[in-house]
Amino acid sequence: MTVLQRVWGVAAGLVMVLMTSTLFSKEMQGYYYTFNSLIALQAFFELGLSFVLTQLVSHEVVKLDESHSTSAAERQYAIDRIGLLSQSVRRWFAILALLFAVGVGIGGLMFLKQGSAAVPPREWVGAWLLIVAAASANLYYSPQLAIAEGTGKVADVARLRLVQTIIGYVACWTIILIHPTLYAAACIGVVSALTSGWWLRRRSGIPSLVAQVVQGAQGYGWRRDIFPLQWRIGISWMSGYLLYQVFTPFVFAHRGAAEAAMIGLSIAVFSNISLIAMSWMTATTPVLAGLVARGDRAELRRRFRTLFLQSIAFQVVACIGLCAVISTGQYLNLSIMHRFLPLPDLMLIGIVTSCNVSIFAFATFMRVHKEEPMLWNSLACGLLVACSTYFTSFWGARYVLAAYCAIIVAISLPWTIAIFVRYWRRSDAVVSDQLTTDVL
């Protein structure tokens, strides 16, 4: 199901690129990509808590499995912990969702007023408010879905999300074909909010667990149980926003909606290529983790080397091909190809995304050791990218991309390789010890 989700996500993203490029004006397309970047500010509100909730609940739910010899007291203890956790995060995320709706909604209105006069407020204000309302509802439901995954309903939640995106995208495309409007961008969020609320009430099983909580039961402590797991993930999520989402909003603010559309569209297409390139590594992550657990370092290194070469080869060849197709289309004066940035800018994006695929692969190798060594790399480079993007966006997309490329190539990639080498050498040492033991 996860693989199908990934394939559908890439395909749907490419269809959206085609439809917004042909049916939206360049300014409308700039608003569309800026909407997406601003809504991604959810990362600063959720701070990776959903991931932590899934891990915590998955450890408790083992005690609810009837095949395990757990006492009635242990079973009730697990029910209490899960139920109280659900109640607590529901209250907490109701506040966060409200803060997101007010802060991002009003802040977004003030920010988007800087856009092009070619898109009058009546065409984007209502669409923006509807998108924020749907995103707020989805933010509220996100921890409950994470708890459901922790109780063993991973496949059910994956199926739900796949259905949500299929219905949402089809509705979005239908509206755009009938009448191109920014309101279509709200379809996916609205469908997700409505179906998530229904599924959590009827199919998740969480309400029944909450109903079984005994009075006076003790649950998780945030400072003791959650914060030690969350703070690293939260910083990583915020860093991810700074590394991948700040370009379009700053260009929108300083250069206008038309140029924001060009950089947003160009990055989106190359990002879809990167998702495909990363899929080899993502799909095999459990296998690599299993090799680490078994201590089979030689096979781990062999598998990783093969996966890395496949990923980076696809990424480089696809980027070269995409640059060739777009530049040829621009040379032939095809109107849709002029929605993209010029060839030099596309080459910068190709270099950056290829480096990012390499960084992702190296980070995956390190993370299967159950360690997170990329925290300070992500934070430092994220802050550098955000600062450089703010200042260079006054001069245009090319300067933004040149600064971004310089940071990734000169700082992030070498830093990642230096950390990766330590893990690779650690593997060599283990393999040598194993060989010595075998000989003796």
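Both backbone and side-chain heavy atoms feed into the values below; hydrogens, waters and symmetry mates do not.
Annotation: the span from Leu200 atom CG to Ser86 atom OG amounts to 8.5 Å, rounded to 0.5 Å. Between Thr54 atom OG1 and Leu145 atom CG the span is 9.5 Å, to the nearest 0.5 Å. In this structure, CD1 on Ile359 lies 11.5 Å from OG1 on Thr364, to the nearest 0.5 angstrom. Note: Phe93 CZ to Arg90 CZ = 12.5 Å, rounded to the nearest 0.5 Å. Rounding to the nearest 0.5 Å gives a distance of 5.0 Å between CD1 of Ile235 and CG of Leu375. To the nearest 0.5 Å, atoms CH2 (Trp8) and OG1 (Thr165) are separated by 6.5 Å.
Ring pair Tyr390/His254 is perpendicular by interplanar angle, where above 60° counts as perpendicular and below 30° as parallel. Taking the six-membered ring for Trp and thresholds of 30 and 60 degrees, Phe24 and Tyr32 have ring planes more than 60 degrees apart, a perpendicular arrangement.
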>> Assess the residue pair Thr416 and Asn377 against the criterion (side-chain hydrogen bond (donor to acceptor under 3.5 Å, both in side chains)); give the C-alpha distance rounded to whole Å, side-chain angles, the decisive distance to 0.1 Å, and a yes or no.
In response: CA-CA 7 Å; Thr416 303; Asn377 180 318; 3.1 Å; yes

> Is there a side chain to side chain contact (heavy atoms under 4.5 Å, CB included) between Leu18 and Leu14 once you walk through the steps?
Replying inline: CA-CA 6 Å; Leu18 179 63; Leu14 292 175; over 6 Å; no

>> Run Tyr31 and Phe252 through ring-ring contact (aromatic ring centres under 6.0 Å, His included) and show every step you take.
In response: CA-CA 8 Å; Tyr31 273 90; Phe252 180 94; 5.0 Å; yes

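Of all the heavy atoms in Ile131 and Ala185, the pair that sits closest is CD1-CB, 3.8 Å. For Phe270 against Cys323, the heavy-atom pair with the smallest separation is CZ-SG, 3.8 Å. The two residues Met262 and His338 make their nearest non-hydrogen contact at CE-O, 4.0 Å. When all heavy atoms of Gln144 and Ile206 are compared, the closest pair comes out as O-CD1, 3.2 Å. Counting all heavy atoms, side chain and backbone alike, Val385 lies closest to Ser388 at O-OG, 3.0 Å. Nearest heavy atom pair, residue Ala148 against residue Val157, reads CB-CG2, 4.2 Å.
For Trp280, the ring-ring contact (aromatic ring centres under 6.0 Å, His included) test picks out Phe314, with sequence neighbours left out. Considering only residues two or more places apart in sequence or on other chains, Phe51 meets the ring-ring contact (aromatic ring centres under 6.0 Å, His included) condition with none of them. Taking Phe362 as the reference, Phe308, Phe420 meet the ring-ring contact (aromatic ring centres under 6.0 Å, His included) condition, with sequence neighbours excluded.
For the side-chain contact (heavy atoms from CB on, under 4.5 Å) with Val102, the qualifying choice from Leu99, Ile106, Val104 is Ile106, the only one to do so. The only option from Trp237, Tyr241, Phe100 that meets the ring pair (Phe, Tyr, Trp, His ring centres under 6.0 Å) definition with Phe44 turns out to be Tyr241.
No side-chain donor-acceptor contact under 3.5 Å links Ser266 and Asp345. Defined by atom type and a distance below 3.5 Å, a donor-acceptor pair is present between the side-chain atoms of Gln164 and Ser196. Between Trp199 and Ser204, the side chains place no donor N or O within less than 3.5 Å of an acceptor N or O (distance only, hydrogens not considered). No side-chain donor-acceptor contact under 3.5 Å links Gln315 and Ser311.
The environment of CZ in Phe360 is crowded: more than 12 heavy-atom neighbours from other residues, nucleotides or ligands sit within 6.0 Å. Under a cut-off of 6.0 angstrom, the local environment of CE in Met19 is crowded, with over 12 non-hydrogen atoms contributed by other residues, nucleotides or ligands. Atom CH2 of Trp395 has 12 or fewer heavy atoms from other residues, nucleotides or ligands within 6.0 Å. Counting heavy-atom neighbours within 6.0 Å of Arg305 CZ, excluding the residue itself, gives a total above 12.
Using a 4.0 Å cut-off between a side-chain N of Lys or Arg and a carboxylate O of Asp or Glu, Lys153 and Glu149 do not qualify as a salt bridge.
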